[in-house]
Amino acid sequence: MKTFVVFLKDKRKGKLEPSLLTRHIEHLRQLKQAGKLMVAGPLKNNEQAMIILNCDDIDEAITLVESDPFIKEKYYNTYDINELIVANDENNWLMDSPQTNGNLVH
């Protein structure tokens, strides 16, 4: 599994219908039950929302995002999606990764 971070952007403030919110929440519940959703929520600035997904690949992540009613019905007009390289104890916080080494000043 790979981890993908999604930012929902270009929100239509003041246009959230209760039925749309209900459909969005049901979508998130289904993702959670399928083991795809790690976390989701709006950002405090009330401009964007973030979703973190576990998926096999970028294509699956895009499919899941584009099936979200918030995107399908243009409550959020755009989104950004990027794969997250998870840093943790198990991989020594990426100290030995090619990406980290490529960014080090020698």
Side-chain angles (χ1 to χ4, degrees):
M1 277 296 168
K2 297 177 180 179
T3 302
F4 294 89
V5 179
V6 180
F7 287 96
L8 306 179
K9 301 173 16 175
D10 301 317
K11 179 170 138 179
R12 293 185 302 134
K13 287 184 186 174
K15 303 291 183 183
L16 181 57
E17 297 286 334
S19 63
L20 175 58
L21 178 59
T22 299
R23 290 191 306 279
H24 168 69
I25 291 169
E26 181 57 30
H27 174 74
L28 295 177
R29 283 186 177 133
Q30 290 172 359
L31 293 177
K32 183 71 172 172
Q33 288 174 347
K36 300 294 181 182
L37 178 66
M38 290 181 65
V39 67
L43 300 183
K44 181 113 175 149
N45 68 9
N46 198 26
E47 298 289 331
Q48 298 178 5
M50 184 180 74
I51 302 171
I52 300 180
L53 300 169
N54 286 320
C55 298
D56 292 328
D57 55 37
I58 186 74
D59 292 331
E60 180 185 17
I62 290 169
T63 298
L64 295 178
V65 172
E66 291 184 352
S67 66
D68 186 328
F70 271 9
I71 293 296
K72 284 173 62 172
E73 299 182 34
K74 303 267 187 227
Y75 179 64
Y76 286 95
N77 287 297
T78 61
Y79 66 88
D80 286 333
I81 186 168
N82 284 285
E83 184 176 349
L84 175 67
I85 303 170
V86 177
N88 55 35
D89 283 326
E90 293 171 10
N91 60 25
N92 194 26
W93 301 98
L94 301 173
M95 287 293 295
D96 304 317
S97 82
Q99 182 170 340
T100 300
N101 289 325
N103 287 310
L104 289 174
V105 176
H106 298 284

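Just so you know, these numbers come straight off a predicted model, no measurement behind them.
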4.5 Å side-chain heavy-atom contact, Gln99 and Leu94: no

Could you list the cluster mates of Ile52? Members are the ILVMFWY residues connected by side-chain heavy atoms closer than 4.5 Å, either directly or through other members. Val5, Phe7, Met38, Val39, Leu43, Met50, Leu84, Val86

Would you say Lys44 has more than 12 foreign heavy atoms packed within less than 6.0 Å of its NZ? no

Compare every heavy atom of Asn45 with every heavy atom of Glu47, then report the nearest pair and how far apart it is. N-OD1, 2.8 Å

Heavy-atom donor-acceptor pair, Thr63 side chain to Asp59 backbone, under 3.5 Å: yes

Can you list the steps and then say if Asn54 with Lys2 is a side chain to side chain contact (heavy atoms under 4.5 Å, CB included)? CA-CA 6 Å; Asn54 286 320; Lys2 297 177 180 179; over 6 Å; no

Ignoring hydrogens and geometry, is there a side-chain-to-backbone donor-acceptor pair from Asn77 to Asp10 under 3.5 Å? yes

Pairwise salt bridge (charged side-chain N to carboxylate O under 4.0 Å, His left out) hits with a residue in residues 63-85, at least two apart: Lys9-Asp80, Arg23-Glu73

Apart from Ile81 itself, what residues make up its hydrophobic cluster when side-chain heavy atoms of I, L, V, M, F, W and Y under 4.5 Å apart count as a link, directly or indirectly? Phe4, Val6, Leu8, Leu16, Leu20, Leu21, Ile25, Leu28, Leu31, Leu37, Ile51, Leu53, Ile58, Ile62, Leu64, Val65, Phe70, Ile71, Tyr75, Tyr76, Tyr79

Within a reach of under 6.0 Å around CZ of Arg29, are more than 12 heavy atoms found that belong to other residues, nucleotides or ligands? no

Minimum heavy-atom separation for Cys55 and Ala61, please, with both atom names. SG-CA, 3.7 Å

So, for His24 and Pro69, which heavy atoms are closest and what is the spacing to 0.1 Å? N-CG, 3.9 Å

